[in-house]
Amino acid sequence: MDKPVRLRFAPSPTGPLHIGGIRTALYNYLFTRKHQGQFILRVEDTDQGRYVPGAEEYIINSLKWVGLIPDEGPGFGGEFGPYRQSERKAIYSKYAQQLVEKGEAYYAFDSAEELNALRDSNGGNQKYDYNTRHQMKNSVTLGMEVAKKKMDEGDPYVIRLKVPEAQEVVIEDVIRGRVSFHTSDLDDKVLIKSDGMPTYHMANVIDDYLMKISHVIRGEEWLSSTAHHVLLYKAFGWKNDMPAFAHLPLILKPTGNGKLSKRDGAQFGFPVFPISWIVSDGVEFSGFREYGFEPDALLNFLALLGWNNGTEQELFTIDELIQNFSLEKIVKSGARFDFEKGKWFNQQYLHKIPETEMVLRIRRDFHELNIDLKDDDCHMIYELYKDRVVFSKDYCDFGKVYFEEITHYDKEFVEKKWKPEHLPAYQSIQEIISGIQDWHAAEIETRLKEFVKTGAIKPGELFPALRVAMSGIPTGPDVFKMIQFTGKEKFVKRMEQFIQYLKR
RNA sequence: GGCCCGUUCGUCUAGGGGUUAGGACAUCAGAUUUUCAUUCUGGUAACAGGGGUUCGAUUCCCCUACGGGCUACCA
């Protein structure tokens with residue numbers, strides 16, 4: 001008897017999607033996959049004033065990057081199209097007409113000034129509702145004859161929902177349980193704007209009905225207006241076909257107040273967008289992709305931000321997420337965004353990537369720097385850095401010092417650890433190393449340790465110094481392997497450069 | 001202001017009328033690495049407050065506080 005499972009992700013192309021949107025899409029996707037349903041992308045582009053060119057393409061590219069591919073949607077086919085609301089204008093007018101005829105909606109001719117005057121009255125809190133509609137300029141007060149005449153004369157008008165008096169509107173939210181509103185708190189929402197376009201509420205309800213949507217999983221910002229949506233379903237006589245609602249907790253800023261917003265990335269120093277977004281004036285907002293995130297890691301991280309399966313498992317493959325997902329286990333309260341935890345997820349995923357794949361990426365990243373690496377070099381860089389990378393591009397960031405000139409040395413190290421009396425030791429080491437025939441880390445290690453035993457320098461002073469000489473910074477992998485990888489000739493040169501720098 | 005939703009370690013969360021309130025990230029300490037990192041071990045750290053209900057409440061109810069959302073011819 002259950003309806004087929006059909007869920008929609010319905011973003012508005014007013015700019016780039018942010019990760020909250022990706023999480024919403026993910027939950028929709030997981031639910032459909034778990035119940036063998038359809039995952040539908042619907043573009044809610046009914047606000048012509050806020051339409052941003054390229055945003056739709058951006059949304060689709062983002063979904064593709066993370067692997068949440070719609071079964072239906074613009075460019076994805078499907079029997080219930082068009083999936084862009086701007087292309088469904090005629091449908092909405094038809095249904096709006098129907099509502100007016102049934103007496104569930106009415107035409108309104110109030111000007112912006114008149115609406116402001118209404119709002120400002122009664123202490124600035126007055127709504128356009130069943131208490132005030134009788135004092136406004138609409139087909140309820142004017143009569144249908146006059147209204148028709150005004151419309152024929154070209155007077156701009158909107159269509160408003162005629163919210164019934166003194167009723168309780170109840171929503172059975174899958175996540176929150178029973179939530180109720182009273183119609184006395186609800187205004188007569190505009191359904192069709194004066195440009196002929198529907199508002200979100202109107203288009204949303206009609207499309208969900210027409211597209212046979214079974215469950216609406218969306219952000220909590222929609223919970224309040226769901227009361228109007230329920231009223232709309234009733235007005236149309238579609239109450240029995242109403243989808244189940246599940247309102248998701250919001251993702252909050254890491255610190256401070258409010259929900260995570262698109263501008264927070266710049267402020268907190270981490271991406272909030274899945275992939276980078278270039279604003280028309282050339283400003284670019286970096287994305288998780290460009291930051292180096294694995295799409296599966298991002299999804300895993302996002303999935304756990306407001307949901308868990310009741311166990312202590314944190315690492316889930318996408319299939320495991322599908323198997324384990326349930327709306328009932330979604331947390332009710334908002335979740336602060338913790339970028340550090342996101343990085344941890346990425347690191348975990350990076351460890352799972354096989355060496356052969358990683359080596360390919362290392363070669364590709366170096367190639368972009370115009371450095372063509374030999375197979376052995378790629379493997380060596382992998383070996384050297386695999387325990388300390390968080391993103392795959394870190395291999396390149398760490399490894400490029402072996403192929404580029406060293407332009408500066410860690411200031412703190414030089415100031416704190418460098419002592420002029422170390423100089424002879426450095427020079428001795430340069431000689432010892434350059435004398436090694438069997439160029440291997442093990443041999444280098446033996447010789448260096450022998451030297452340290454002479455007491456010329458302490459190990460704690462020597463090894464970090466060698467790292468600085470090799471790479472500019474005192475942290476890094478095993479020094480002996482570093483030296484081996486640097487190569488004898490380059491090692492000698494770098495020691496020379498370092499010694500010159502210290503003498504300056 | 002009004003309406004609606006929420007509140008367990010710094011953060012994400014598990015749990016649920018009787019628990020040493022568990023895990024993860026972060027953080028701190030120890031071990032190992034004659035160095036940093038890794039790894040391992042261990043530690044600090046939470047039921048917002050006040051009333052009920054109850055033999056017993058962090059868990060159920062109410063109030064307060066705090067947080068969040070909505071309050072547009074935006075979605």
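Chain A is the first sequence line, chain B the second, and so forth, proteins listed ahead of strands; every chain is numbered from 1. Excluded from the calculations below are hydrogen atoms, water molecules and symmetry mates; all remaining heavy atoms, backbone and side chain alike, are included.
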Against Phe339(A), only a single residue in Phe301(A), Tyr291(A), Phe268(A) fulfils side chain to side chain contact (heavy atoms under 4.5 Å, CB included); can you say which? Tyr291(A)

Mapping Arg178(A) and Trp307(A) onto RNA chain B by nearest heavy atom, which one lands closer to the 5' end? Arg178(A)

Taking the six-membered ring for Trp and the full ring for Phe, Tyr or His, determine whether the centres of Phe288(A) and Phe273(A) are under 6.0 Å apart. no

What interatomic distance, in whole Å, is found between P of U41(B) and the corresponding atom of A24(B)? 10 Å

Parallel under 30°, tilted from 30 to 60°, perpendicular over 60°: which one fits the rings of Tyr157(A) and Tyr107(A)? perpendicular

Can you tell me which nucleotide in G23(B), C12(B), C3(B) comes closest to the side chain of Leu305(A)? C12(B)

Using atom P of each nucleotide, how far apart are C9(B) and C47(B) to the nearest Å? 7 Å

Nearest-Å distance for atom pair CG/P, residues Leu304(A) and U13(B): 9 Å

Between A48(B) and U13(B) - P atom distance, rounded Å: 15 Å

Sugar-phosphate means primed atoms, P, OP1 and OP2; the rest is base. With that split, encode nucleotides 27-40 of chain B 5' to 3' as B, S or - using protein heavy atoms under 4.0 Å. -------BBBBS--

Sticking with atom C1', work out how far G52(B) lies from C73(B), rounded to a whole angstrom. 49 Å

Plane angle bin for His201(A) and His229(A) - parallel if under 30°, tilted between 30 and 60°, otherwise perpendicular: tilted

For Tyr501(A) and Tyr409(A), run ring-ring contact (aromatic ring centres under 6.0 Å, His included): C-alpha distance rounded to whole Å, both residues' side-chain angles, the deciding distance at 0.1 Å, then the answer. CA-CA 9 Å; Tyr501(A) 170 78; Tyr409(A) 296 100; 4.7 Å; yes

Tell me what Gly219(A) touches on the nucleic acid: a base, only sugar-phosphate, or nothing, going by heavy atoms under 4.0 Å. nothing

When all nucleic acid strands are considered with a 4.0 Å heavy-atom cut-off, which category describes Thr311(A): base, sugar-phosphate, or nothing? nothing

When the P atoms of A46(B) and A21(B) are considered, how many whole Å apart are they? 11 Å

Using the P atom on both, measure U44(B) against U58(B) and round to a whole Å. 22 Å

Does the pair Lys193(A)/Asp195(A) count as a salt bridge with the N-to-O cut at 4.0 Å? no

Integer angstrom distance from the P of C61(B) to that of G18(B): 16 Å

For the aromatic rings, using the six-membered ring if either is Trp, is the centroid distance between Phe498(A) and Phe491(A) under 6.0 Å? no

Is there a Watson-Crick or G-U wobble partner for U34(B) with both distances under 3.5 Å, and if so, which one is it? none

Per-nucleotide protein contact string for nucleotides 60-75 of chain B (B base, S sugar-phosphate only, - none; heavy atom under 4.0 Å): -------SBBS--BBB

Nucleotide U13(B), atom P - distance to NZ of Lys341(A) in whole Å: 9 Å

With Arg160(A) as reference, evaluate Asn138(A), Val140(A), Val190(A), Leu99(A) under the side chain to side chain contact (heavy atoms under 4.5 Å, CB included) test and give the passing residue. Val190(A)

Roughly how many Å apart are C12(B) and A75(B), using the P atom of each and rounding to a whole number? 31 Å

Salt-bridge contact Lys253(A)-Asp264(A) (side-chain N to carboxylate O under 4.0 Å): yes

